[in-house]
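Scroll down for the structure; my scribbles are underneath it.
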Amino acid sequence: MGMEFAPSARSTVGIEWEVALVDAETGDLASIAAEVLDTLRGDDGSPHPHITGELLLNTVELVSGVHTTVAGAVADVVGQLDEVRAITEPRGVDVICSGSHPFGQWYEQEITDKPRYHRLIDRTQWWGRNMMIWGIHVHVGIEDRAKVMPILNGLLTYIPHLQALSASSPFWAGVDTGYASNRSLMFQQLPTAGLPWMLPDWEAWERYVNEMTVTGIIEDATEVRWDIRPSPRWGTIEVRVCDGVSTPQELGAIAALIHCLVEWMSTTLDSGEDVPTMPPWFVRENKWRAARYGLDARVILDDAGAERPVTDDIRRLIDVLSPVAERLGCLPELLQLNLILGHGASYQRQLRVAEAQGGSLPAVVAALSRELRTGLAL
């Protein structure tokens, strides 16, 4: 059964940013998303065109339009964040972003009343109820669907880089997990989440979705919740592996890295070359290492098993991709990866705050709130 791939301009970019609503005094999660979304409705009662709900009522999602530059997409969602704050601040509610909430408990959270989410929880039970997670999704336009699976497979080599840079979930339900990204390992417990299968071409993807649909595992392709997936409706590759990022600067930096990697691989295919891939067992190990150790991880680089610190390889990528970034107009954002390397990823900053504040997790939430407002110092 054929699957239409929407026409999409090459290397256009879009961003989805999930943010959490928290009580401004206590730092507890606040389940007021329905109220926020109702207030954002237009005069005719229509929903906001870009700000939407998610599984839990403590979350809103900011969705950019289609942009030609990362800067444009980031400015779009930051503007939406201001719209949300205009509603939440008078209600004593603040906004933060991280892969997990430092001390929230799953059984206290309210689920959005939609059939899609009720089906998910009914099937997944305890694991589904534990999905107190926030992430970013970056879409990059692909002009030819024949490129989608080769680029997707090539991107798997860079999952640890993206996960280490974005890692922001060291705490879970009040516990220091010892992981930089506990979110990534929680999320992959859902039936169709986690690492994608390395499929050779678009036709194999169509067969996969058809077989999953026929057997009732999914209702449509949107329920394939891979870390990186084709998005036929938009004509994009959607990178979903990252934890929620805590500042607009990090959002721009990581989106620029994704933007450049996709264009770099697309150009490789144009030249008649194959995009290099990694054995799936190394891909899986690299994901675990980045989830566990974050920016302190050593990653496997190729099928020969060569290794190096992920921070060294990120610096190498900045050099390799800078000409691509100049062409795409995102060099300033790509260079902001150095801010993350210099200040530490969000998980490291959260751990430092907790240690300095005698283990106080509300202090971590307050720090996340400040960071989202002020960004990282240059």
Starting from the C-alpha separation in whole Å, work towards a yes-or-no answer on side chain to side chain contact (heavy atoms under 4.5 Å, CB included) for L55 and I111.
-> CA-CA 6 Å; L55 171 66; I111 296 169; 4.1 Å; yes
salt_bridge(E219, R123) N-O dist < 4.0 Å = no
Contacts satisfying salt bridge (Lys or Arg N to Asp or Glu O under 4.0 Å) that involve residues 269-284 (not counting sequence neighbours) are R10-D270, K147-D270
Should the heavy atoms of other residues, nucleotides or ligands under 6.0 Å from CH2 of W197 be counted, would the total exceed 12?
-> no
Would you call E54 and Y117 a side-chain contact if the rule is heavy atoms closer than 4.5 Å?
-> yes
Inspect the surroundings of CD in E143 and state if more than 12 heavy atoms from other residues, nucleotides or ligands are less than 6.0 Å away.
-> yes
If every non-hydrogen atom of Q188 is compared with every non-hydrogen atom of G194, which pair is closest and at what distance?
-> CB-CA, 3.8 Å
Heavy-atom side-chain contact between E108 and N58 under 4.5 Å | no
Among E83, R41, Q80, whose side-chain hydrogen bond (donor to acceptor under 3.5 Å, both in side chains) with H48 holds?
-> E83
Any Lys/Arg nitrogen of R116 or D220 sitting under 4.0 Å from an Asp/Glu carboxylate oxygen of the other?
-> no
Partners passing side chain to side chain contact (heavy atoms under 4.5 Å, CB included) against V66 (at least two apart in sequence or in another chain) | T12
Heavy atoms, side chains only, cut-off 4.5 Å: are S266 and I142 in contact?
-> no
Short side-chain donor-acceptor distance under 3.5 Å, W281 and E285 | no
For atom CD of E25, is the number of surrounding heavy atoms from other residues, nucleotides or ligands below 6.0 Å larger than 12?
-> no
Pair D313 + R316: basic N to acidic O under 4.0 Å = yes
Looking at F187, is R183 sitting on its ring face, NZ or CZ under 6.0 Å from the six-membered ring centre and within 45 degrees of the normal?
-> yes
Side-chain contact, heavy-atom cut-off 4.5 Å: I314 with L295?
-> yes
Sequence-distant partners of F103, ring pair (Phe, Tyr, Trp, His ring centres under 6.0 Å), two or more places apart | H101
